[in-house]
Amino acid sequence: MKQLTTNDQSNCFLRLNTATEHLFMMSLEDFILGLPKAELHVHIEGTFEPELMFEIARRNNLKVKYSSVEELKAAYQFNNLQEFLNIYYSGADVLIEEQDFYDLTWDYLLKIHSQNVLHTEIFFDPQTHSLRAVPFSKVISGIHRALEDGREKLGISSRLILSILRHLSEESAFQTLQEALEYREWITAFGLDSSERGHPPSKFQRVFEKALEEGFLTVAHAGEEGPPEYVWDALNLLHVSRIDHGNRALKDPVLVQELVKRKMPLTVCPLSNLKLKVVRDMTKHPLAEMMEKGMLATINSDDPAYFGGYVNENYLAVASALNLTHEQIVQLAKNSFTASFLEEEEKQEMIEKVEEYDHLFFD
Ligand code: ADE
Ligand code: ZN
């Protein structure tokens, strides 16, 4: 067994279960940084960095609730999901024009390009904006235009997931679905996010049935703060292709078996879980247990501007806290493509890229 040293502050090590003696002194950070990967759970409104927020507020003649970037960042202390959501929705309030949504998305793409993310599947919350009379067309056109540029100029492929705010009504969800139909070509899946407790998937069963009829795939946040029953409902009532988070599924062994049997992907978000106190500290994070049980776990950033890290920082945080092996890190990168909404052939191509990269360093 050999260890890779790191040059980062946390002084974490990647353990190598290989006898490859000539591999020496490569940092964990460098290995993860260069690893080809996909991101499958990121809210575009959650990538809104404070500096850009102030710039967009200024050009729209609006005020951010805090007087400086530093004051805003200092407010990013959360005891639960709802405390975070309150700040997240108020941050999004300054997004008005198509160009704002373009800039937001473009900044995120530049960031992940620097982290070797080759493919991303992005949530957007149209109701957050329609409540402020910002038309659906402006929101989706700005995001879509940036994604097109991302493909052409950065080589990043992408999918868009429309996410329904579960604290709002079924009627509002139906109306949002109706608006989305005009842009069906640009939207791959229909999701469910926002305040989980007290808003079970069953509340949106009929909307999701309609979304499936219209040809969208479905996903849902479930088991982040809510009980395992919400994960069951996401599977059986919303017919999801992925569970977003899913941490609390581990409380129900029969559910775990079912998720394994179905090869149901979980889009896990370690730094989010830490910041929202879903886990007490990173060494208690269930990612390794999920993998040991045979669940198809992936690593994602959720709301990176609020939680202190993009995809690579999430990999680094769990690799360090859970002493993940080199094989586990590579498996997570492969899982990210397996669990994506890419075509089978594209998935294989991406997985081969992971393998080629791995073989550069490990026999
Ligand atoms: N919206 C943005 N981030 C979210 C999260 N972690 N859970 C539920 N809804 C969200
Ligand atoms: Zn999320």
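As the structure is a computational prediction, the values presented were derived from the model and not from experiment.
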Cationic N near anionic O, under 4.0 Å, Arg206 to Glu170: yes

Check: Gly223 main-chain N/O paired with His245 side-chain donor or acceptor under 3.5 Å: no

Could you measure the distance from the OG atom of Ser241 to the CZ atom of Phe216? Nearest 0.5 Å is fine. 13.5 Å

Hey, which of His167, His41, His43, His221 is the one that makes side chain to side chain donor-acceptor pair (under 3.5 Å) with Asp193? His43

Would you call the rings of Phe78 and Tyr306 parallel, tilted or perpendicular, taking 30° and 60° as the class edges? tilted

Roughly how far, to the nearest 0.5 Å, is the CE atom of Met290 from the CG atom of Asn335? 12.0 Å

salt_bridge(Lys138, Glu97) N-O dist < 4.0 Å: yes

Salt bridge or not between Arg262 and Glu258? Use side-chain N to carboxylate O under 4.0 Å. yes

Do Leu217 and Leu147 land in one hydrophobic cluster if side-chain heavy atoms of ILVMFWY residues count as linked below 4.5 Å? no

Least distance between heavy atoms, Val240 atom then Ala220 atom: CG1-N, 3.7 Å

Regarding Arg248 and Glu225, does a basic nitrogen lie under 4.0 Å from an acidic carboxylate oxygen? no

Would you please test Glu71 and Lys65 for salt bridge (charged side-chain N to carboxylate O under 4.0 Å, His left out) and show each step? CA-CA 10 Å; Glu71 220 180 272; Lys65 280 207 182 122; over 6 Å; no

Cation-pi check, Arg159 onto Phe341 ring (under 6.0 Å, within 45° of axis): no

Side chains of Glu39 and Gln115 only: does a donor on one sit below 3.5 Å from an acceptor on the other? no

For Lys353 and Leu118, which heavy atoms make the closest approach, and how far apart are they? CD-CD1, 3.8 Å

Any side-chain to backbone donor/acceptor pair from Thr218 onto Leu238? Under 3.5 Å, distance only. yes

Is the gap between the ring centers of Phe337 and His119 under 6.0 Å? no

Side-chain donor-acceptor pair under 3.5 Å between Gln82 and Ser195, yes or no? yes

N/O donor-acceptor pair under 3.5 Å between Asp100 side chain and Ile96 backbone: yes

Would you say the side-chain atoms of Asn314 and Asn300 include a donor-acceptor pair closer than 3.5 Å? no

Between Arg151 and Glu148, does a salt bridge (charged side-chain N to carboxylate O under 4.0 Å, His left out) hold up when you go through it step by step? CA-CA 5 Å; Arg151 188 169 50 78; Glu148 286 290 293; 2.9 Å; yes

Lys347 side-chain N/O to Thr338 backbone N/O, donor-acceptor pair under 3.5 Å: yes

Nearest non-hydrogen partners of Leu62 and Asp93, listed with the distance: CD1-O, 4.1 Å

Carefully, step by step, assess Glu121 and Arg242 under the rule salt bridge (charged side-chain N to carboxylate O under 4.0 Å, His left out). CA-CA 12 Å; Glu121 303 194 350; Arg242 292 197 297 246; 2.8 Å; yes

Tyr310 ring centre to Lys111 NZ or CZ under 6.0 Å, with the angle to the axis within 45°? yes

Output yes when a side-chain donor or acceptor of Ser336 lies under 3.5 Å from a complementary backbone atom of Ala38, and no otherwise. yes

Are Trp186 and Ile44 joined in one hydrophobic group, where the rule is that I, L, V, M, F, W and Y side chains link up if heavy atoms are under 4.5 Å apart? yes

Under 6.0 Å between the ring centres of Phe84 and Phe307? yes

For Asp107 and Thr105, which I'm curious about, is there any donor-acceptor pair between the side chains at under 3.5 Å? no

Closest approach of Ala92 and Thr128, non-hydrogen atoms and distance? CB-CG2, 3.9 Å

On the 0 to 90° scale, with breaks at 30° and 60°, tag the Tyr357-Phe361 ring pair as parallel, tilted or perpendicular. perpendicular

Assess the residue pair Phe208 and Phe204 against the criterion (ring pair (Phe, Tyr, Trp, His ring centres under 6.0 Å)); give the C-alpha distance rounded to whole Å, side-chain angles, the decisive distance to 0.1 Å, and a yes or no. CA-CA 6 Å; Phe208 273 64; Phe204 297 98; 7.1 Å; no

Aromatic contact, Phe124 with Phe101 (centres under 6.0 Å): no

NE2-SG distance between His285 and Cys269, expressed to the nearest 0.5 angstrom: 8.0 Å

Closest contact, heavy atoms only, Tyr76 versus Ala305: CE1-O, 3.6 Å

Indicate yes or no: at least one non-hydrogen side-chain atom of Tyr88 is less than 4.5 angstrom from one of Leu81. no

When every non-hydrogen atom of Tyr230 is compared with those of Ala222, the smallest separation belongs to O-CB, 3.9 Å

Salt bridge flag under 4.0 Å for residues Asp302 and Lys275: no

Cut-off 3.5 Å, side chains only: do Tyr108 and Thr120 have a donor facing an acceptor? yes

Would you call Glu213 and Lys210 a salt bridge, using N to O less than 4.0 angstrom? no

What's the verdict on salt bridge (charged side-chain N to carboxylate O under 4.0 Å, His left out) for Asp103 and Arg59, showing C-alpha distance, side-chain angles and the deciding distance? CA-CA 13 Å; Asp103 290 347; Arg59 73 190 190 206; 2.7 Å; yes

Side chains of His129 and Gln127 only: does a donor on one sit below 3.5 Å from an acceptor on the other? no

Treating Ser130 as the side-chain partner and Ala133 as the backbone partner, does any N or O pair qualify as donor plus acceptor under 3.5 Å? no

Compute the ring centroids of Phe123 and Phe190, then answer whether they are less than 6.0 Å apart. no

Without hydrogens or angle criteria, can the side chains of Tyr89 and Ser194 be said to hold a donor-acceptor pair below 3.5 Å? yes

